[in-house]
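Take a look at the structure below.
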Amino acid sequence: ALLTAMLHQAFLTGVLYELETQGHVTTKLFDILNTRFHKSSSINKYLTMIYGEISEDGTFRFISAGHPRPLIFSAEHDRFAEIDPESMKNFLPVGLFPSEGDIDEPPAAVPMPASQQFSVNEVSLMGRGDILLLYTDGLSEHAVGDWTFAPQTLEATIRRIKDRSAKEIVGAIREDMNRFAPPQDDISLVVVKRRG
């Protein structure tokens, strides 16, 4: 818990620094956090995380490290948007390998595979009334036997409540999930709704 709190503080400090110097968060922040977490935790510890920024034109830029892929519900098409998998790259969780080229890492360390180094994803789908969902794997794995809550039941829930506020959408999803089945894992959910 202390390590997670320290990483959270380092992440926030890094975000503020990069926003001030670069105008946006870069992959360098994830490289630094990745190596710091790798050096300060045991070999069996890692964490998934996602960081994103939404511009006024509705472009969603994000970096994902082992986190479930974001879902975007299209208000225009009344369903989850089909997104090219190439535009939503997901990388190894933070802490599994040190990032390549970090000056603090001893030369004998095994660097993160080049194909897994962080990069920024960009999706231009946030139209008026669209809903962005960021969630933990507790939601994607929420199931009764082979019947999973996401994406079909989740999509039906959102379709029914899409005109509500983001806060009300979160509450309705939680209610439907609990009716579907008791949670077997912790579930975190963030809903962002574009109003204009």
Side-chain angles (χ1 to χ4, degrees), residues 4 8 11-12 15-16 18-19 23-26 29-30 47-91 93-94 118-196:
T4 302
H8 183 260
F11 182 74
L12 290 177
V15 166
L16 293 175
E18 290 212 355
L19 288 174
H24 60 274
V25 170
T26 68
L29 175 60
F30 269 60
L47 59 92
T48 66
M49 62 189 305
I50 190 167
Y51 176 84
E53 301 166 355
I54 302 174
S55 63
E56 289 184 20
D57 69 357
T59 301
F60 178 48
R61 297 179 73 246
F62 67 96
I63 302 170
S64 180
H67 205 272
R69 293 176 185 234
L71 293 172
I72 298 175
F73 184 87
S74 168
E76 179 183 355
H77 300 290
D78 206 30
R79 62 180 169 80
F80 285 133
E82 296 290 329
I83 302 170
D84 178 6
E86 288 299 311
S87 67
M88 292 184 112
K89 290 186 172 45
N90 200 352
F91 301 92
V94 168
F118 302 110
S119 65
V120 176
N121 298 296
E122 190 169 298
V123 181
S124 299
L125 286 176
M126 290 296 290
R128 185 168 187 229
D130 285 357
I131 299 165
L132 170 68
L133 285 93
L134 304 174
Y135 53 93
T136 57
D137 59 2
L139 175 65
S140 56
E141 296 169 359
H142 191 64
V144 175
D146 292 336
W147 183 25
T148 58
F149 181 75
Q152 286 83 11
T153 305
L154 176 60
E155 184 178 63
T157 297
I158 294 172
R159 186 176 295 120
R160 180 175 46 83
I161 58 171
K162 65 184 177 191
D163 294 328
R164 297 184 190 175
S165 70
K167 183 177 181 178
E168 291 171 322
I169 291 169
V170 168
I173 290 172
R174 288 199 178 277
E175 285 176 18
D176 281 7
M177 285 177 54
N178 288 331
R179 272 195 295 272
F180 182 83
Q184 300 300 311
D185 193 1
D186 63 288
I187 298 170
S188 296
L189 174 67
V190 173
V191 170
V192 178
K193 183 175 180 182
R194 184 166 184 191
R195 298 188 313 179

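Computed from a predicted model, the values in this text were never measured in an experiment.
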Completion exercise
Sequence neighbours excluded, the answer for salt bridge (charged side-chain N to carboxylate O under 4.0 Å, His left out) partners of E141 is none
Problem - Partner set under salt bridge (charged side-chain N to carboxylate O under 4.0 Å, His left out) for E155, not counting sequence neighbours - result: R159
Can you give me the closest heavy-atom contact between [X] and [Y], atom names plus distance?
X	Y	answer
I50	P70	CD1-CG, 3.7 Å
T153	T148	OG1-O, 4.1 Å
R194	D57	NH1-O, 3.3 Å
F62	G52	CB-CA, 3.7 Å
G66	T48	O-CG2, 3.0 Å
A172	I161	CB-CD1, 3.3 Å

Would you be so kind as to tabulate the donor-acceptor pairs closer than 3.5 Å made by side chains of residues 180-189, with sequence neighbours excluded?
{"unit_1": "Q184", "atom_1": "NE2", "unit_2": "P182", "atom_2": "O", "d": "3.2"}

Exercise for the section: Answer whether the closest heavy-atom distance between the side chains of F73 and D78 falls below 4.5 Å. Expected result: yes
Handout entry: Beyond-backbone contact of I158 with L71, side-chain heavy atoms, under 4.5 angstrom
Key = no
From [atom1] ([X]) to [atom2] ([Y]), nearest 0.5 Å:
X	Y	atom1	atom2	value
Y51	L134	OH	CG	12.0 Å
L133	L154	CG	CG	6.0 Å
S64	F91	OG	CZ	8.5 Å
D130	I54	CG	CD1	10.5 Å
R61	E122	CZ	CD	6.0 Å
W147	H142	CH2	NE2	10.0 Å

Can you list the residues that meet the side chain to side chain donor-acceptor pair (under 3.5 Å) rule with [X], with sequence neighbours excluded?
X	value
D176	T157, R160, R179
T136	none
R79	none

Below 3.5 Å, can you tabulate the donor-acceptor pairs from side chains in residues 163-171 to any protein atom, sequence neighbours excluded?
{"unit_1": "S165", "atom_1": "OG", "unit_2": "E168", "atom_2": "N", "d": "3.2"}
{"unit_1": "S165", "atom_1": "OG", "unit_2": "E168", "atom_2": "OE1", "d": "3.3"}
{"unit_1": "E168", "atom_1": "OE1", "unit_2": "S165", "atom_2": "N", "d": "3.0"}

Fill in the blank from the handout: For S140, the side-chain contact (heavy atoms from CB on, under 4.5 Å) test, sequence neighbours excluded, returns P68, Y135, D137
